[in-house]
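Accompanying notes for the structure given below.
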There are 2 protein chains.
Amino acid sequence: MSERQRLILSAAVRVIARDGVRGLRMEDLAAEAGVSTALIYYHFKNRAGLLHRTLEYVSERAGRYTDEAIAPGTDPRTHVELLLLHELQDTPAIRENSTAWGELRASATFDPVLREPVRTATAEWVGDISGLIDQAMIEGQVAPHVSPEGAAERLTSLVEGLSERWLSGTLMLDRAQSLLRDAIALELDRAPRR
Amino acid sequence: MSERQRLILSAAVRVIARDGVRGLRMEDLAAEAGVSTALIYYHFKNRAGLLHRTLEYVSERAGRYTDEAIAPGTDPRTHVELLLLHELQDTPAIRENSTAWGELRASATFDPVLREPVRTATAEWVGDISGLIDQAMIEGQVAPHVSPEGAAERLTSLVEGLSERWLSGTLMLDRAQSLLRDAIALELDRAPRR
DNA sequence: CTCGGCTGACCAAACTTTCAGTCAATATCG
DNA sequence: CGATATTGACTGAAAGTTTGGTCAGCCGAG
């Protein structure tokens, strides 16, 4: 992928985070990226193609910044917590990525082309968390009888639900974080900690 | 609200569930409702006004069909379970309402006008569940130390997360249901049942 | 020179919104 | 009671606006 494409895609994420997928106008995007509208068509064929590529870009980028945020050697249990809580952080980058991700996921309900990448990205995320819970169990940081798969699916779904409430102004961020922390404890300890 | 307005609003829910908020065109809506486009403007001022009223209509209707679905005299614990599971049911009415609700909630992230009705409707739902958990606790159907508020917020958020995954084709319905059932047990019993 | 990257200008189609005006029902008046 | 205004609901048609998408051609690096 060329530098120019990356430029356009990151601009797309910004525009989507600001106006939603519904509000993404090719002209707005061109302005945000500082290029002509025609160039977008040159690189991405059409609006649908652009959205498709943007979705891939968002999930790829999410995976990257997620990894970067966590010090190597962190124990798996803490790792799970950091990974999940990470989505509920009020920095421009995360807010932007979360908003765009939520929008693209929602669009998948109506656009079959987006379904498969959404499914793949979700599966990957759930798989990561599930794997970490597995490890944490081996190290005795998680109660036995916990189903890593189930817990991972519930916790990531919960994060998405909380995130959307936060981003739509329905829920305060600190409340969302505290709810998530309790949920993690509930899932992994089978009783709230402290 | 006149019968005619109700007719248009229910058509709007159908169109939104089918094409999304972005895909709602005034002309399509007019066709779906069997009226002229001008009539929609006569009753709702403009597209934004229509969306706003549709949101109110969806939440009102959700509350109504939810009540109808549950036999009076049901014990509170079962009531909670039915209420939550109810959103994960593949009937046209529920799918329609859930899809429209998800769309409108997502739109609230970008449209301040929609925020307040979304917040109100959510608070009402959380309040209902929380109240029922309270009652269930009094009747000994829920473990002590459970925070009804917290559990209600987490469970409803989880339902929204699971629902969106289901509707976007990311998650099979029966899996979503089973995940939710386990979450309820985890939250209310502080240990999975059976 | 030439070729991929890139653009300004442009357009047809898609959409929203407006408007003049019809019609049935209801109120008003002589 | 009959004639006449008034009103609210509603529509067809078209104006007005926005948007996705195309295209002929410019430009700079090799």
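Source: prediction; values computed, not measured. Only heavy atoms go into these numbers, but all of them, side chains included; no hydrogens, no water, no symmetry mates. Here is the naming used below: chain letters follow the sequence lines, and residue numbers restart at 1 for every chain.
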Measuring to OP1 and OP2 of [N], would you say a side-chain N or O of [X] lies under 4.0 angstrom away?
X	N	value
A:H43	C:dC6	yes
B:Y42	D:dC10	no
A:R47	D:dT19	no

Rounded to whole Å, how long is the line connecting atom [atom1] of [X] with atom [atom2] of [N]?
X	N	atom1	atom2	answer
B:N46	D:dG16	CG	C1'	16 Å
A:L39	D:dT22	CG	C1'	14 Å
B:R25	C:dA13	CZ	C1'	11 Å
B:I8	D:dC10	CD1	C1'	10 Å

Between [X] and [Y], do the side chains contain an N or O donor and an N or O acceptor separated by less than 3.5 Å?
X	Y	answer
A:S157	B:R165	yes
B:Q5	B:R53	yes
A:T120	A:E116	yes

B:Y41 or B:A38, whichever maps to the more 5' nucleotide of DNA chain C: B:Y41
A:S36 side-chain proximity, nearest of C:dG8, D:dG20, D:dA9: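 Per side-chain heavy atoms of A:S36, the pick is C:dG8.
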Side chain of A:R4: nearest nucleotide among D:dT11, D:dG21, C:dT7?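 Selected nucleotide: C:dT7.
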Select from B:G34 and A:L24 the residue whose nearest nucleotide in DNA chain D is closer to the 5' end of that strand.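 Of the two residues, B:G34 wins.
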Counting any heavy atom closer than 4.0 Å, what does A:I40 reach on the DNA or RNA strands: base, sugar-phosphate only, or nothing? nothing
Tell me what B:L50 touches on the nucleic acid: a base, only sugar-phosphate, or nothing, going by heavy atoms under 4.0 Å. nothing
Short question: side chain of B:T122, backbone of B:V118 - any donor-acceptor pair under 3.5 Å? yes
